[in-house]
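Notes for the one structure printed next.
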Amino acid sequence: MSTISQAGQRINALLDENSFVEIGALVTARATDFNLKQTETPSDGVITGYGVIDGNLVYVYSQDASVLNGTVGEMHAKKIANLYDLAMKTGAPVIGLLDSAGLRLQEATDALNGFGEIYLKQTLASGVIPQITAVFGTCGGGLAVVPGLTDFTFMEADKAKLFVNSPNALDGNTVAKCDTSSAKFQSEEVGIVDVVADEASILAQIRELVSMLPSNNAEIAVSDCTDDLNRGCPEIVNCVGDTSIALSQLADNGIFVEVKQNYAKDMVAGFLKLNGATIGAVANRTEVYNDKGEVEEKFDAVLSAKGAKKAADFVNFCDAFEIPVLSLTNVKGFLADKCNEKKMADAVAKLTYAFANATVPKVNVVIGKAYGSAYVAMNSKAIGADITMAWPDAEIGAMDASLAAKIICDGKGADAIDACAKEYAALQNNVTSAAKRGYVDQIVEPVDTRKYVIGAFEMLSAKCEGRPEKKHGTI
């Protein structure tokens, strides 16, 4: 490596020891305007190369803020573009470690063209190889598009800044009012950031994520399983509220890697291993527990617009990389407020499309309520789930029995409505009733969920499902 800068140290900390091989170490800026010829530009401000994570090939670029503030110029961009070419040829992930002041003004149109070259390579690589970025310093202006084009983004909690327009450039805003470039804002409000942590934790979590993912869209992510395939999950019945905990109980060795952790917390999305195979999981959530086992946040069992979009994006990623999808459903309707209503129909359409369009194995487990169109959108059998399971106490139907009774028995007394509600619950919302109609394939005890889900995915491992011939959908 040309210099042991902070950029180089990040690469060494990320990869297996002594595995990094640098490419293009001697490349420097070609531009000479504004005295650039007199300025040392080692590696043109970005270290590029390849190495391994747990023995798996990855390509890495790390921007060096000590060289022209890590700005992107012509040769800087070409090095990243070249790395993408190699990654596409060999079918391996690209990891970008971002720390840059953005466009190199001294190179103007050459630098702008360089941005475009990077965008093009990212677009061509999308759905072919996993793309991961981590923001450690500044990532502003056109450079902010780069994490937007990747699959997963990590952000350092305190020093990192991610923005298209700086907070002070926003009409009526200042950093003091709202720091729109902060990790907190980008992860909680924007939803572009999957994980916020300190630098060491980010690098460790990228390694963990890479170990879950296939190297490319032609590879199946499978490893040896050291967990008991028939292991019971006696505590999972208590995890209907916080399904991130439920998924960790189902997972091999209890490892669940959650993405977009701080965004739309009413929906959980992430990866787990089942019998060594990587599975993508989405689940409705009504409670968030902290490390002390205390409830931090509560939500109603409804779909939000943000939650639906979060799940849709995740399912699309899984389908592109042949990762089977598991859903845990507990939803009784849609979040009803003005802000959500503006986006709800579009977001739920995207979620419905994502599940219906995905051809990977899909298993749905109804663990609580499953009412109305919200249930249909959550990987129901109607839109293509291959296997639908339900716990014995699950409720599946058009709406809550008491609400249905009020409509059916409109104008009648309380006793009549009560009796109607009981009858409706028994006839229409009972999980056995849904199973008799073929909408549920198996009723399983919560403790046995892991072994039944593993069995279902093993049965579906050879699944092959076609779709009408078209260039692509439009949803």
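Scope of the values below: all heavy atoms of this structure, side chains included, with no hydrogens, waters or symmetry mates.
- We find that R207 and D16 are joined by a salt bridge, their nearest charged nitrogen and carboxylate oxygen being less than 4.0 Å apart.
- Within the model, atoms NZ of K309 and CG of D313 stand 4.0 Å from one another, a figure rounded to the nearest 0.5 Å.
- A side-chain donor-acceptor contact under 3.5 Å links T226 and N253.
- The only member of V447, I245, L250 that meets side-chain contact (heavy atoms from CB on, under 4.5 Å) when paired with I236 is L250.
- Side-chain polar atoms of Y289 and E294 form no donor-acceptor pair below 3.5 angstrom.
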Carefully, step by step, assess K451 and D228 under the rule salt bridge (charged side-chain N to carboxylate O under 4.0 Å, His left out). CA-CA 9 Å; K451 69 179 181 182; D228 181 2; over 6 Å; no
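- Between the side chain of N217 and the backbone N or O of I129 there is no donor-acceptor pair closer than 3.5 Å.
- In F334, the CZ atom is crowded: over 12 heavy atoms of neighbouring residues, nucleotides or ligands sit closer than 6.0 Å.
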Apply side-chain contact (heavy atoms from CB on, under 4.5 Å) to residues T286 and V240 and explain how you reach the verdict. CA-CA 8 Å; T286 58; V240 173; 5.8 Å; no
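- Within a 6.0 Å radius of NZ in K463, other residues, nucleotides and ligands contribute more than 12 heavy atoms.
- Using a 4.0 Å cut-off between charged nitrogen and carboxylate oxygen, D179 and K184 do not count as a salt-bridge pair.
- For the residue pair D54/S211, the side-chain donor-acceptor check at 3.5 Å is not satisfied.
- The closest side-chain donor-acceptor pair between N340 and S304, if any, does not fall under 3.5 angstrom.
- Here the CG-CD distance, from L14 to E199, works out to 10.5 Å after rounding to the nearest 0.5 Å.
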When you look at N238 and E235, which way does the side-chain hydrogen bond (donor to acceptor under 3.5 Å, both in side chains) test go after all the steps? CA-CA 6 Å; N238 300 318; E235 296 300 320; 3.3 Å; yes
Could you walk me through whether Y371 and I396 pass the side-chain contact (heavy atoms from CB on, under 4.5 Å) test, one step at a time? CA-CA 6 Å; Y371 289 152; I396 302 174; over 6 Å; no
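- Counting non-hydrogen atoms of neighbouring residues, nucleotides and ligands closer than 6.0 angstrom, the OH atom of Y452 reaches no more than 12 such neighbours.
- V315 and A358 get closest at one heavy-atom pair: CG1-CB, 4.2 Å.
- Using cut-offs of 30° and 60° on the angle between ring planes, the pair Y84 and Y61 is tilted.
- The NZ atom of K298 sits 15.5 Å away from atom CG of D266, with the distance rounded to the nearest 0.5 Å.
- Using bins of under 30°, 30° to 60° and over 60° for the plane-to-plane angle, the ring pair F152/F271 lands in the perpendicular bin.
- Minimum interatomic distance between M378 and L303 (heavy atoms only, all atoms of both residues): SD-CD2, 4.4 Å.
- A donor atom on one side chain and an acceptor atom on the other are not found under 3.5 Å apart for E219 and N216.
- Side-chain atoms of S66 and S5 include no donor-acceptor pair closer than 3.5 Å.
- Scanning both residues, Y439 and K381, for their nearest heavy atoms gives O-CD, 3.9 Å.
- For the atom pair D151 CG and S126 OG, the distance stands at 6.0 Å (nearest 0.5 Å).
- K161 and T138 share no donor-acceptor pair across their side chains, judged by distance under 3.5 Å alone.
- Applying the 6.0 Å contact sphere to CG of D224 captures no more than 12 heavy atoms from other residues, nucleotides or ligands.
- Using a 4.5 Å heavy-atom cutoff, the side chains of T180 and P167 are in contact.
- Salt bridge status for E287 with R285: absent, with no side-chain N to carboxylate O gap under 4.0 Å.
- Counting only distance, with no hydrogens or angles, the side chain of Q6 and the backbone of D64 share no donor-acceptor pair below 3.5 Å.
- Atom CD of E17 is surrounded by 12 or fewer heavy atoms from other residues, nucleotides or ligands within 6.0 Å.
- Nearest heavy atoms, Q122 versus V146: NE2-O, 2.9 Å.
- No donor-acceptor pair closer than 3.5 Å links the side chain of N165 to the backbone N or O of L170.
- Between the E156 side chain and the K159 main chain, a donor and an acceptor come within less than 3.5 Å of each other.
- Note that the CG atom of D393 and the NZ atom of K369 stand 10.5 Å from one another [nearest 0.5 Å].
- Classification of K260 and D194 as a salt-bridged pair holds, one side-chain N sitting under 4.0 Å from a carboxylate O.
- T388 and A385 make their closest contact through OG1-CB, 3.9 Å (heavy atoms, listed as atom of the first residue, atom of the second, distance).
- A salt bridge links D227 to R450: one of the charged nitrogens lies within less than 4.0 Å of a carboxylate oxygen.
- The backbone N or O of G276 sits less than 3.5 Å from a side-chain atom of D252, completing a donor-acceptor pair.
- Taking all atoms of both residues into account, the shortest heavy-atom contact from V431 to P392 is CG1-O, 3.3 Å.
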